Student: 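Sharing a structure with you now.
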2 protein chains.
Amino acid sequence: MMMDGSATAPGGTRTRIQERNRARILDAALVAFARFGYRGARVEQIAEAAGMSKSNLLYYFRSKTEMYKAVLAALLERWLAPLRTLDPEGDPRAELTAYIEQKLRFSAEEPEASRLFANEVMQGAPMIRDVLEGPLKELVDEKTGVLRRWAAEGRIRDVDPHQLIFLIWATTQHYADFAPQIAALTGREVADPAYRAEVLKTLTALIFDGLLPPA
Amino acid sequence: MMMDGSATAPGGTRTRIQERNRARILDAALVAFARFGYRGARVEQIAEAAGMSKSNLLYYFRSKTEMYKAVLAALLERWLAPLRTLDPEGDPRAELTAYIEQKLRFSAEEPEASRLFANEVMQGAPMIRDVLEGPLKELVDEKTGVLRRWAAEGRIRDVDPHQLIFLIWATTQHYADFAPQIAALTGREVADPAYRAEVLKTLTALIFDGLLPPA
DNA sequence: GCTCGATTTGACCATTTGGTCAGGTTTTCT
DNA sequence: AGAAAACCTGACCAAATGGTCAAATCGAGC
């Protein structure tokens, strides 16, 4: 099979070996980038974690940057998928609860992905700014529209929909990004499904019913 | 005056020049560490930002690690100071609003400090684990006690106090850590006091009154 | 079992990085 | 003024890092 010298087949075709090794690399790279950031991650270390030599890794990805971009691209879709499922026709409370639950599960099951995303944005989102300003903004604009409609129909209170979304993002992400702090303070782990269920319950209670006692 | 060879006087005494240069270094280091993490930050770059040679910087801080620890130590107190002000005798709504406002202001005025703290915790809090498990835990235990008492007295609903605190931390910190994303999606800046006021209002409305319309 | 491209390796390289050191300059104290 | 200590610099170093390359090895189709 003709290859262009790199393992990134432009034709789209990909060997079984390539499939396997690229996946291994992306997994290892995600962990490393999430932990140390782009600059702090070491190529050799990623190679070792992926079970291959540095040279071989660089056969699959021409450079550290290319690898980083690939990791981010693979991550982005998973990160914003949950928001897509927010159904304008559904019940606000049920829809938002389902959304929060998805985000919480993502934080628990892919904490590295969550952290890497945070890391990238914290650095000014140099690699994904166009995604934030393009596809993400469009999606968010659409969903804030839904929230506004719900408010207009009197089904939820009239709060700034952006901020409601940010609150959900912030809190759910917090359980991935600040896991060590949460563990130190509560002794609980987000990885524990029981804890996650408690969090979901408390979170939805707070968001929907508020903190003040019923009048 | 006797010095021990390093600029870190163990006796505690410190020259005017030392005062000034250490401050410059810590400022520059905070920005660098916040942006690139410990590993990613470059000593030479910090020195340049602080307006001195790398050699001179290393005259004030023996190593990158020592510098990092100093930055963290200076940061920690400011980070958790607001929680101390939560007054058990006060009105829950007023107290929590004041607390949220302080955290929000911190995010806006010292976004680098906020990001560095996030970065450190995301990496497993290798340098400040003892602080999290010691002083921070004690403080949080005390304040969760206050929240529990308020709940017992029927002044607020009975929600897990830890999670209430996490929600406040997460949302307020979000405005510093994810500033680029917020700017991309809303066009607003947390640095803008007007926006901050809006955020505070929406946030407290959500937390206290909830999202559901009054029955 | 041969062939040719895909895969893998190890030696190698230029650059960067954290850190040292000997010596020079400035400040401070008497 | 002058000595001692504080402050600063530039040259230098060893280790680490991202990346290259020629050559060896593997594997699927004939």
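No experiment lies behind these values; they were computed from the predicted model shown. Residue numbers start from 1 in every chain, and the chains themselves are labelled A, B, ... in the order their sequence lines are given, proteins ahead of strands. Scope of the values below: all heavy atoms of this structure, side chains included, with no hydrogens, waters or symmetry mates.
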Student: Where do Ile46(A) and Ala32(A) come nearest, in terms of heavy atoms and distance?
Tutor: CG1-CB, 3.5 Å
Student: Can Lys137(B) and Asp141(B) be counted as an ion pair, charged N to O under 4.0 angstrom?
Tutor: yes
Student: Within this structure, what is the CD1-to-P distance between Ile46(A) and dA16(D), rounded to whole angstrom?
Tutor: 18 Å
Student: According to a strict under-4.0 Å criterion, is Tyr60(B) in side-chain N/O contact with OP1 or OP2 of dC8(D)?
Tutor: yes
Student: In this structure, how many angstroms lie between the C1' atom of dC13(D) and the NZ atom of Lys54(B), rounded?
Tutor: 10 Å
Student: Within this structure, what is the CZ-to-C1' distance between Arg20(A) and dC26(D), rounded to whole angstrom?
Tutor: 12 Å
Student: What is the distance, to the nearest angstrom, from the CD atom on Gln45(A) to the P atom on dG19(D)?
Tutor: 15 Å
Student: Counting just side-chain N and O atoms, does Ser53(A) come under 4.0 Å of either OP1 or OP2 of dT9(C)?
Tutor: yes
Student: Please give, in whole Å, the distance from dG10(C) P to Glu44(A) CD?
Tutor: 12 Å
Student: Measure from the side chain of Val43(A), starting at C-beta and using heavy atoms only, and say which of dG18(C), dT8(C), dG18(D) lies closest.
Tutor: dG18(D)
Student: What is the nucleic acid contact for Ala41(A), judged by heavy atoms within less than 4.0 Å: base, sugar-phosphate only, or nothing?
Tutor: sugar-phosphate
Student: Just how far is it from atom CD of Gln173(A) to atom NE2 of His174(B), taken to the nearest 0.5 Å?
Tutor: 7.5 Å
Student: Arg39(B) or Ser55(B): which one's nearest nucleotide on DNA chain D is closer to the 5' end?
Tutor: Ser55(B)
Student: Report the distance from atom CD1 of Ile17(B) to atom P of dC29(C), rounded to the nearest whole Å.
Tutor: 11 Å
Student: Within 45° of the axis and under 6.0 Å from the centre of the six-membered ring of Tyr60(B), does NZ or CZ of Arg22(B) qualify?
Tutor: no
Student: Between Asn21(A) and dT8(C), is there a contact of a side-chain N or O with OP1 or OP2 at under 4.0 Å?
Tutor: yes
Student: Any side-chain N or O of Tyr59(B) below 4.0 angstrom from OP1/OP2 of dC7(D)?
Tutor: yes
Student: How many Å lie between CG on Leu58(A) and P on dT17(D), as a whole number?
Tutor: 14 Å
Student: Write down the distance between NZ (Lys64(B)) and P (dG19(C)), rounded to a whole number of angstrom.
Tutor: 8 Å
Student: Would Glu120(A) and Tyr68(A) count as having a side-chain donor-acceptor pair, cut-off 3.5 Å?
Tutor: yes
Student: Do the side chain of Ser63(A) and the base of dG19(D) come within less than 3.5 angstrom through a donor-acceptor pair of N or O atoms?
Tutor: no
Student: Considering just the side-chain nitrogens and oxygens of Arg16(B), establish if one lies under 4.0 Å of OP1 or OP2 belonging to dT28(C).
Tutor: yes
